[in-house]
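Contents: one structure, followed by commentary.
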Amino acid sequence: MKPDGRWSIGELAARAGATVKTVRFYSDRGLLPEAGRSTGGHRRYGPEALERLGLIRSLRTLGLTVSEVARVLDAEEDVPGSALEDAVAGQLREVGSQLAALRWREAALRLVGESPPGERAERLRLVGAVTSPPNTASLARFWRRWLPPRMPARVVSAVVEHAVPQPPGDPAPAEVLAFARLHALVSGPCTGGLPCQPAAHRSGGGYRPAVLYEGLPEAYALAASELLARRAPGPGEALDCFVAVYAAACGAQSTPDFRRRLGGQLAADPRIDAYWQQAAVLFGPSAPTPGAAHDWLCAALDAETERAAAA
């Protein structure tokens, strides 16, 4: 230290265990204020620079960028701690995303490595088309195409929330394959040349699709209870609720004739069973999918119609 109590750039670097290049880098960017200059124009630093340099290096070790470090240092003078908390929270989110990507890649590699030789190329193609970690944008777009036009945004959002499975944070290889198959399914054209929407969505005057999709969750929840109890499809509260929702959407009464016509209409609609088969892997066995509930209800309606015809 010089007689004036200031250090040269080399002395500061030595005390901090850093290189002169490092000290100069942070000084040039205004992160490390100088206490002055020597008569020869050399930089001089006070003892406070050592603490400041230690803080800068600690922040950089946590992964903060130089600009983020600058914001933290500037904010410390006004609202101590707030900028650091925000920066740390941002780093935690980034690290979480990186870990999720690594876990997904690990499961994808295990999937490909454990695949039978005859299926390996196809599975590699499927998982290679999915980002790591994956997102659900393609699945959400599919449902927005499938749903009737001009539906209220809140209803569409509710349907998407219930129909789109979230990628697991720590996936098994089978879950990676299921998600990859879902992505491939919804990213392609309508299967087999079928229309992208069921016939009910193209009904004429008087049809209120928002009423249908607002009411279906209750019917599906009732059917899910039946599925979890392993009850065979048949008449009861779940089926009555299901038919009543369709009747209300069509402005009709839940008569035997309406039930018969509804069964025929639902049987003729394009199915998305392949979607629900893969989604079931991601939702898990403890939560029957809306697709499984819909199939149970359709089977219950068919059984009821057959009994009525035989009577």
### Message
Show, in sequence, the C-alpha distance, side-chain angles and deciding distance for R259 and D302, and conclude whether the salt bridge (Lys or Arg N to Asp or Glu O under 4.0 Å) test is met.
### Response
CA-CA 9 Å; R259 290 176 177 246; D302 289 342; over 6 Å; no
Are side-chain heavy atoms of P288 and L228 found at a separation under 4.5 Å?
yes
Q.
Would you say that P152 contacts V155 through its side chain, given a criterion of any heavy-atom pair below 4.5 Å between the two side chains?
A. yes
| field | Chi angles and distances behind the side-chain contact (heavy atoms from CB on, under 4.5 Å) call for L59, L84 | value | CA-CA 9 Å; L59 293 171; L84 178 58; 3.5 Å; yes
CD (Q265) and CZ (F258) are apart, to the nearest 0.5 Å, by 7.5 Å
Should L62 and L99 be counted in the same cluster of Ile, Leu, Val, Met, Phe, Trp and Tyr side chains packed under 4.5 Å apart?
no
inquiry  = Would you say that L177 contacts V127 through its side chain, given a criterion of any heavy-atom pair below 4.5 Å between the two side chains?
reply    = no
The salt bridge (charged side-chain N to carboxylate O under 4.0 Å, His left out) partners of E226 (sequence neighbours excluded) come to R231
is_close_aromatic(W296, F242), centroid dist under 6.0 Å: no
Q: Output yes when a side-chain donor or acceptor of S8 lies under 3.5 Å from a complementary backbone atom of E11, and no otherwise.
A: yes
In this structure, CD of E48 is separated from CG of L53 (nearest 0.5 Å) by 12.0 Å
Q) Can you find a pair of side-chain heavy atoms, one from D273 and one from D295, that are under 4.5 Å apart? A) yes
* State, yes or no, whether a side-chain contact exists between R208 and C250 at a heavy-atom distance under 4.5 Å. => no
Q) Hey, does the side chain of R120 reach the backbone of V112 with a donor-acceptor pair shorter than 3.5 angstrom? A) yes
Note to self: Assigning hydrophobic clusters by single linkage (Ile, Leu, Val, Met, Phe, Trp, Tyr; side-chain heavy-atom cutoff under 4.5 Å), is I272 placed with L297?
What the structure shows: yes
key: NZ/NE/NH1/NH2 to OD/OE distance under 4.0 Å, E304 and R260   = no
- request: Determine, stepwise, if the pair R43 / D28 fulfils salt bridge (Lys or Arg N to Asp or Glu O under 4.0 Å).
  value: CA-CA 11 Å; R43 307 171 199 239; D28 288 344; 2.9 Å; yes
Looking only at heavy atoms, the pair that brings A18 and R57 closest together is CB-NH1, 3.7 Å
Using modelled atom types and a 3.5 Å cut-off, is there a donor and acceptor pairing between side-chain atoms of R15 and backbone atoms of L50? no
Does CZ in R105 sit with more than 12 non-hydrogen atoms of other residues, nucleotides or ligands closer than 6.0 Å?
-> no
Sequence neighbours excluded, the answer for ring pair (Phe, Tyr, Trp, His ring centres under 6.0 Å) partners of F179 is W104
Between Y246 and L216, is there a side-chain heavy-atom distance shorter than 4.5 Å? yes
**Prompt:** Side-chain contact, heavy-atom cut-off 4.5 Å: Y213 with M151?
**Reply:** yes
key: Atom CD of Q253 with >12 non-hydrogen neighbours under 6.0 angstrom   = no
key: Other residues, nucleotides, ligands: >12 heavy atoms within 6.0 Å of E237 CD   = no
The reported gap from CG in L12 to CD in E34 (rounded to nearest 0.5 angstrom) is 11.0 Å
Checklist entry - So F142 and W146, would you call those rings parallel, tilted or perpendicular, with 30° and 60° as cut-offs? => result parallel
For Q166, the side-chain hydrogen bond (donor to acceptor under 3.5 Å, both in side chains) test, sequence neighbours excluded, returns none
- Query: Is there a donor-acceptor contact under 3.5 Å from the side chain of R144 to the main chain of V156?
  - Reply: no
Separation between CZ (R60) and CD1 (I56), nearest 0.5 Å, reads 10.0 Å
Minimal heavy-atom distance between L222 and C241, with the atoms involved, is CD1-CB, 3.9 Å
Point to revise | Residues R123 and S115: side-chain donor-acceptor under 3.5 angstrom | key: yes
Exactly one candidate in V66, V72, L73, T65 meets side chain to side chain contact (heavy atoms under 4.5 Å, CB included) with V69; the answer is L73
Of all heavy-atom pairs linking R307 and P235, the shortest is NH2-CD, 2.9 Å
Pair L64-Q91, side-chain contact (heavy atoms from CB on, under 4.5 Å): steps then yes or no: CA-CA 7 Å; L64 272 66; Q91 284 298 306; 3.6 Å; yes
Would the distance check show the side chain of Y275 and the main-chain N or O of A163 forming a donor-acceptor pair, the cut-off being under 3.5 Å?
yes
- request: Answer yes or no: is there a donor N or O on one side and an acceptor on the other, between the side chain of R181 and the main chain of Q277, under 3.5 Å?
  value: no
In terms of heavy-atom contacts, P167 and P134 come closest through CB-CG, 3.6 Å
Exercise. Tell me whether L109 is reachable from L102 by hopping between hydrophobic residues (I, L, V, M, F, W, Y) whose side-chain heavy atoms are closer than 4.5 Å.
Key: no
- Query: In the single-linkage hydrophobic clustering (I, L, V, M, F, W, Y; side-chain heavy atoms under 4.5 Å), do L32 and F25 co-cluster?
  - Reply: yes
Distance col, row H183:NE2 vs N135:CG, nearest 0.5 angstrom, shows 8.5 Å
query = Just wondering, do P171 and E106 contact through their side chains at under 4.5 Å, heavy atoms?
reply = no
Note: P165 and L139 closest approach over all heavy atoms is CD-CD2, 3.8 Å
When rounded to the nearest 0.5 Å, the distance separating NE2 of H294 from CG of L266 is 5.0 Å
Cluster overlap V164 with L147, hydrophobic side-chain contacts below 4.5 Å:
yes
Notebook entry, point to check: Yes or no on side-chain contact (heavy atoms from CB on, under 4.5 Å) for Y220 and T289, after CA distance, side-chain angles and deciding distance?
Noted result: CA-CA 9 Å; Y220 288 163; T289 66; over 6 Å; no
All heavy atoms of L182 vs all of Q278, minimum pair found to be CG-CB, 3.6 Å
Problem set entry | Modelled atom types, side-chain donor and acceptor of S58 and T61, under 3.5 Å | no
* Do we see a donor-acceptor contact under 3.5 Å between the side chains of Y45 and S27? -> yes
Quiz item: So, does E175 use its side chain to make a donor-acceptor pair with the main chain of A172 at under 3.5 Å?
Solution: yes
*Tell me, with the steps shown, if V160 and T136 meet side-chain contact (heavy atoms from CB on, under 4.5 Å).*
CA-CA 10 Å; V160 171; T136 58; over 6 Å; no
